[in-house]
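Letters A, B, ... are given to chains in the order of the sequence lines, protein chains preceding strands, and every chain is numbered from 1.
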Amino acid sequence: MSTELIDDSHESKSNFIHNEIDNDLAQGKNGGKVLTRFPPEPNGYLHIGHAKSICLNFGIAQKFNAACNLRFDDTNPVKEDVEYVDSIEADVRWLGFNWADEPKYASDYFDQLYEWAVKLIKKGKAYVCELTAEEIAAQKGTPTEAGKESPYRNRSVEENLDLFERMKNGEFKDGEKILRAKIDMASPNMHMRDPIMYRIIHKHHHRTGDKWCIYPMYDYTHGQSDFIEGITHSICTLEFEVHRPLYNWFLDQILEGEPTPAARPRQIEFARLNLNYTVMSKRRLLELVQKNIVDAWDDPRMPTISGLRRRGYTPESIRMFADKVGVARRDNVIDVALLEYCIREDLNKRTMRVNAVLDPVKLIITNYPDDQVEMMETINNPEDESMGSRTLPFCKELFIERDDFMEEPPKKFFRLGPGLEVRLKSAYIIKCESFVKDANGNITEIHCTYDPETRSGMPQSERKVKGTLHWVSARHCIDAEVRLYDRLFMDAEPDGHKDVDFKEFINPDSLKVLSNCKLEPCMKDVKPLDKFQFQRLGYFCVDTHSSPEKLIFNKTVGLKDSWAKAAAK
RNA sequence: UGUCCCGUUGUGUAAUGGUAGCACAGAAGAUUUUGGUUCUUUUAGUCAGGGUUCGAAUCCUUGCGGGACAACCA
């Protein structure tokens, strides 16, 4: 396949966030500086929704000649793992983006965060609380009803300082005490009702080891991490909009009294991506993996970046997709057809066309010399002349697709049937004379004659015939396994039903393994992730578990099939 | 029965008070040694009412609809 990269860096269309940044720049904010960040929690693999965010954040960096940080929000050692850190770095790089400097970690800021927490305590803005999780939930109130104040809320600064220090020193068990911000239990914003800043977790952390047994909550960490890094624009999804006042409150407290406070990040929210016929939450995806409903995080049916990669998607196609879905604030569900359009668009330009017969039936050319073999020249990619041509062997015994023959074909069937004529791509025009069936009524052989004057390139080959079929030589072809995929869920929004678990909608036929596929001999040296168009069928990608002894292909996406559409009517 | 956010063809996204456009999907046709590609053509939209204005998708207002928020998750 072509290794030429498609430069799509200038295609990126504008969106409301770009406009806001333009406005900020025009007003001279941040001294003309722009810095964004992509802040995943390393508790799962990245999915296509993250790809949207990655393209947005790194895309802003490209557009404004700025940089984008990769920062791991690793504040919860219970759920996080280096496996995820590694996969996230690999996925971002594979998508084609480079972050500024080394990857950053919220855990790099634990010391600073601790210092600031002490400062808040000293200001009387934070206190150690001993309520249980249940008690806190009970006294938190509801969105329409104010909460109650904790009985520990008015401890002295000295006592809070002492207790917090002892929390840090490991004197208490998990859950015994927490540090809370002292804000307003009656706030209409639930996040302002004395949110938790620190909790006790006696657990080894992938970066800080056993240094800490108290870990800051996301809400106490995220805004300050952005501030520390000098992020100018904190782009995040809509659900964090209600957190914004809290982030601002923390920064207000921390920066109060600072002589020349540094610029603060501006948070701008956008609507997360939803794709129909799949789920898009790490929790759901984890469940699919853990319950072995799919192979792994990189199962080709998964909407993960690694799954799409293994399925045969290219970084260019995913970037094109991110660009086409746009960025806005209203809820959206994107049709997978758009994703499929993007990958077809890309693969059409770059993949070599090869002959592959997925469900083979033997075709015998009765008037072709028994031992003759001809090498037929064929073009590698009609969309790209520079990809050249190759030859493939033709002989008396071929395989064609079982679908390409009908015993009693309807009128508009432009393929093979008794008495019908078709062209064999890059070879001869043949005519079906007869066929053979076994005891079960399955067709085992199709007998045809060929017209020697119609070899491709000869004048007689110009003759009009209705259909052109792909084929392989039965004496030269190689075997392969081909995996066909269908959508993982049968419902357009499997996660959108209040009373039905999303797993109820799993498509039992989402994977179909074809083990008797025949490929033309040029395919014997393919490498994992090599991509091809199987002529007339679709785009296929060599699986990561494929080997020369056992070739395995994944179907990325089918070609548009107007015949299937017409036949279905 | 709180606060906040959001309603533009089927789906997504533009139009920053001045011609409602683009893409995908759908339909019809042309071309084609892939029923692919490419190229034409085409269907279809401003949630509803009221107001401001010469002029409203855009501003105001009321209603309707959708979403977010009550983890020692992020």
**OP:** Walk me through it: do A:Phe553 and A:Tyr539 pass the test ring-ring contact (aromatic ring centres under 6.0 Å, His included)?
**Re:** CA-CA 10 Å; A:Phe553 287 81; A:Tyr539 298 98; over 10 Å; no
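Considering only side-chain N and O atoms, A:Arg344 lies nowhere under 4.0 angstrom from the phosphate OP1 or OP2 of B:G36. Here A:Arg329 reaches the OP1 or OP2 of B:C6: one of its side-chain N or O atoms lies under 4.0 Å away. Side-chain N/O atoms of A:Arg330 include one lying less than 4.0 angstrom from OP1 or OP2 on B:U13. Regarding contacts with the backbone of B:G36, a side-chain N or O of A:Ser562 is found under 4.0 angstrom from either OP1 or OP2.
Distance, A:Asp346 CG to B:U37 C1': 14 Å, rounded to whole Å. Following rounding to the nearest Å, A:Asn332 (CG) and B:U8 (P) show an atom-to-atom distance of 11 Å. Look at CZ on A:Arg536: it is 18 Å from P on B:U32, rounded to the nearest Å.
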Hey, what are the protein-to-nucleotides 38-46 of chain B N/O distances that come in under 3.5 Å?
none

Taking only N/O atoms, report every protein-nucleotides 16-21 of chain B pair under 3.5 Å with atom names and distance.
{"unit_1": "B:U16", "atom_1": "O4", "unit_2": "A:Asn19", "atom_2": "ND2", "d": "2.4"}

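Taken together, the paired segments of RNA chain B that extend over three or more consecutive Watson-Crick or G-U pairs, each closer than 3.5 Å at both contacts, are B:2-7 with B:64-69, B:10-13 with B:21-24, B:26-30 with B:38-42, B:47-51 with B:59-63.
Under the side-chain contact (heavy atoms from CB on, under 4.5 Å) criterion, A:Cys517 pairs with A:Leu358, A:Val482, A:Leu514, not counting sequence neighbours. Residues satisfying the side-chain contact (heavy atoms from CB on, under 4.5 Å) criterion with A:Asp335, sequence neighbours excluded, are A:Asn276, A:Ala337.
To the nearest whole angstrom, the two P atoms, one in B:C59 and one in B:A25, are 33 Å apart.
For A:Asn355 (side chain) and A:His470 (main-chain N/O), no donor-acceptor pair under 3.5 Å exists by modelled atom type.
Of the candidate nucleotides B:A14, B:G36, B:G35, B:G35 has the atom lying nearest to any side-chain atom of A:Thr468. When distances are taken from the side chain of A:Tyr341 to each of B:U34, B:A23, B:U13, the shortest belongs to B:A23.
Annotation: side chain of A:Glu421 is not in contact with side chain of A:Lys466 (no heavy-atom distance under 4.5 Å). Side-chain contact check for A:Ser53 versus A:Phe270: some heavy-atom pair is nearer than 4.5 Å.
A salt bridge links A:Arg244 with A:Glu269: at least one charged nitrogen is closer than 4.0 Å to a carboxylate oxygen.
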Original post:
Where along nucleotides 63-74 of chain B does protein come under 4.0 Å, by heavy atom, of base (B) or sugar-phosphate alone (S), with - for untouched nucleotides?
Top reply: ----SSSB-BSB
